Amino acid sequence: MGGALVVIGSVKGSPGCTTLALALATCWPRGERLPAPLVVEADPGGGDVAARFGLAESPGLVSLAAAARRPASPQVLSECVQVLPGDLHVIVGPTGAQQAAAAVGLFAGQGPGLLRAGMGTAGSVLVDVGRFQPQTVGLVAAADRLLLVTRGEADALAHASGKVEEYHGAGCDVELVVVGPSPYPVAEISSVLGVERVHLVPWEEKTARVLRGRGAVPARRWRSSPLVRDATAMALHLMPPVVTRRPGHNSAVHDAVPAPVAQTGGQPLAEAGERT
Ligand SMILES: Nc1ncnc2c1ncn2[C@@H]1O[C@H](COP(=O)(O)OP(=O)(O)O)[C@@H](O)[C@H]1O
Ligand SMILES: [Mg+2]
């Protein structure tokens, strides 16, 4: 897979993992050689996307976990995908915690291989694991990029700090995402927690509401949203360089995201009207 397997999780509370995963997916560069990214909701505490967007729980993670026993193929993966407005591809997790924990535990073993086989050469996958749990260890181990989402207050950062240490001890690189305001400057968070990369995501009710499946905003307003702007920058940072082979050249050429085919700035989940 030329795309990235990005794992997004948190330590405590509900800081905004699912919102971030969907925001990144809507803002992910797309184009001729850049297929829509896939969001996989693999939260052992239970999924929210199906309920928020009025989707059925099946097909979803339960079907994918069961399919993980079959030989990996793009078809196995596509059978489990539901498409939200805005061409947002998701594999929804079951709402019930017991079923979710079982499905994530099953999926964490064979799932990453299935995702890599299924997404082809340029597809990226954003796996929302909710809080990091024993069931999510296999997914974390398979990640190309690991995002630890937290709020910015001292207590939340202290919890995040413990997890950063644990991951560093295990040889995992982790990037921090601070959702909402923080009394601490980025440089201080970065040096105190020992994380090289700290991303900030603004607190923005209107956009978060759309990402919860409640209503829509016009495309122009969507693109001018600070949350969308910052998610777009983060998506470009996470997206690996596109590898192309130009005719007459033997070596692979690493492009930055190619401007003519990359569409950034995200799509609103729907362009008009309030559903609620
Ligand atoms: N950047 C944000 N701005 C405003 N509200 C947010 C933001 N991120 C999350 N929220 C809200 O916080 C609540 C929890 O977010 P969610 O993404 O479900 O958290 P998690 O997946 O970590 O449990 C939701 O009501 C969501 O709309
Ligand atoms: Mg969530």
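For clarity, every value in this text was computed on a predicted model and none was experimentally measured. Counting starts at 1 for both ligands and their atoms, in listed order.
Within the 4.0 Å heavy-atom cutoff, Arg52 counts among the residues contacting ligand 1. Heavy-atom separations between Gly13 and ligand 1 are all 4.0 Å or longer. Using a 4.0 Å cutoff on heavy atoms, Pro15 counts as a contact of ligand 1.
In this structure, the separation between CG on Leu38 and CH2 on Trp28 is 11.5 Å, given to the nearest 0.5 Å. Separation of atoms CZ (Arg197) and CG (Leu147) is listed at 11.0 Å; rounding is to 0.5 Å. Residue Gln99 holds its CD atom at 9.5 Å from CG of Leu61, rounded to the nearest 0.5 Å.
Side-chain contact annotation: Glu196 with Ser190, donor-acceptor N/O pair under 3.5 Å absent. Looking at Ser63 and Glu79, their side chains never bring a donor and an acceptor atom within 3.5 Å of each other. Between Arg145 and His237, the side chains place a donor N or O and an acceptor N or O closer than 3.5 Å (distance only, hydrogens not considered). Side-chain contact check for Ser78 and Gln75: no donor-acceptor pair (N or O, by modelled atom type) lies under 3.5 Å.
Not a single protein heavy atom sits closer than 4.0 Å to atom 13 (C) of ligand 1.
Heavy atoms only, all atoms of each residue included: Leu77 and Leu114 are closest at CD2-O, 4.4 Å.
An N or O contact shorter than 3.5 Å is missing between Arg209 and ligand 1 by distance. Taking any N or O of Val179, backbone or side chain, none lies under 3.5 Å from an N or O belonging to ligand 1.
With ligand atoms numbered from 1 in the order given, ligand 1 contributes 2 (C), 3 (N), 4 (C) to contacts under 4.0 Å with heavy atoms of Glu204. For ligand 1, the atoms sitting less than 4.0 Å from at least one non-hydrogen atom of Cys17 are 17 (O), 19 (O), 20 (P), 21 (O), 22 (O), numbered in the order shown with element in parentheses. Each of the following atoms of ligand 1 lies closer than 4.0 Å to a heavy atom of Leu227: 1 (N), 2 (C). Listed by number with element, the atoms of ligand 1 under 4.0 Å from a non-hydrogen atom of Ser14 are 14 (C), 19 (O), 20 (P), 22 (O), 23 (O).
Residues Val178 and Phe132 fall within the same hydrophobic cluster, defined by Ile, Leu, Val, Met, Phe, Trp and Tyr side chains chained together at heavy-atom separations under 4.5 Å. At a threshold of 4.5 Å between side-chain heavy atoms, the hydrophobic network of Ile, Leu, Val, Met, Phe, Trp and Tyr places Val137 and Val40 in two separate groups.
The residue among Thr19, Ile8, Leu20 with a heavy atom at the shortest distance from atom 15 (O) of ligand 1 is Thr19.
Within the 4.5 Å cutoff, the side chain of Pro35 has no heavy atoms near those of the Arg30 side chain. Contact of the Leu157 side chain with the Ile189 side chain is registered, since non-hydrogen atoms from C-beta on lie closer than 4.5 Å.
Only backbone heavy atoms of Pro202 (N, CA, C or O) come within less than 4.0 Å of ligand 1; its side chain stays farther off. Under 4.0 angstrom from ligand 1, there are no non-hydrogen atoms of Leu211.
Remark: the backbone N or O of Asp48 is paired with a side-chain donor or acceptor of Glu41 at under 3.5 angstrom.
Of the protein's non-hydrogen atoms, the one nearest atom 11 (C) of ligand 1 is Trp203 CH2, 3.9 Å. Nearest protein neighbour of atom 25 (O) of ligand 1, counting heavy atoms only, is Arg212 NH1, 3.4 Å.
Among protein atoms, those of element N, O or S found less than 2.8 Å away from the Mg ion (ligand 2) are Thr18 OG1.
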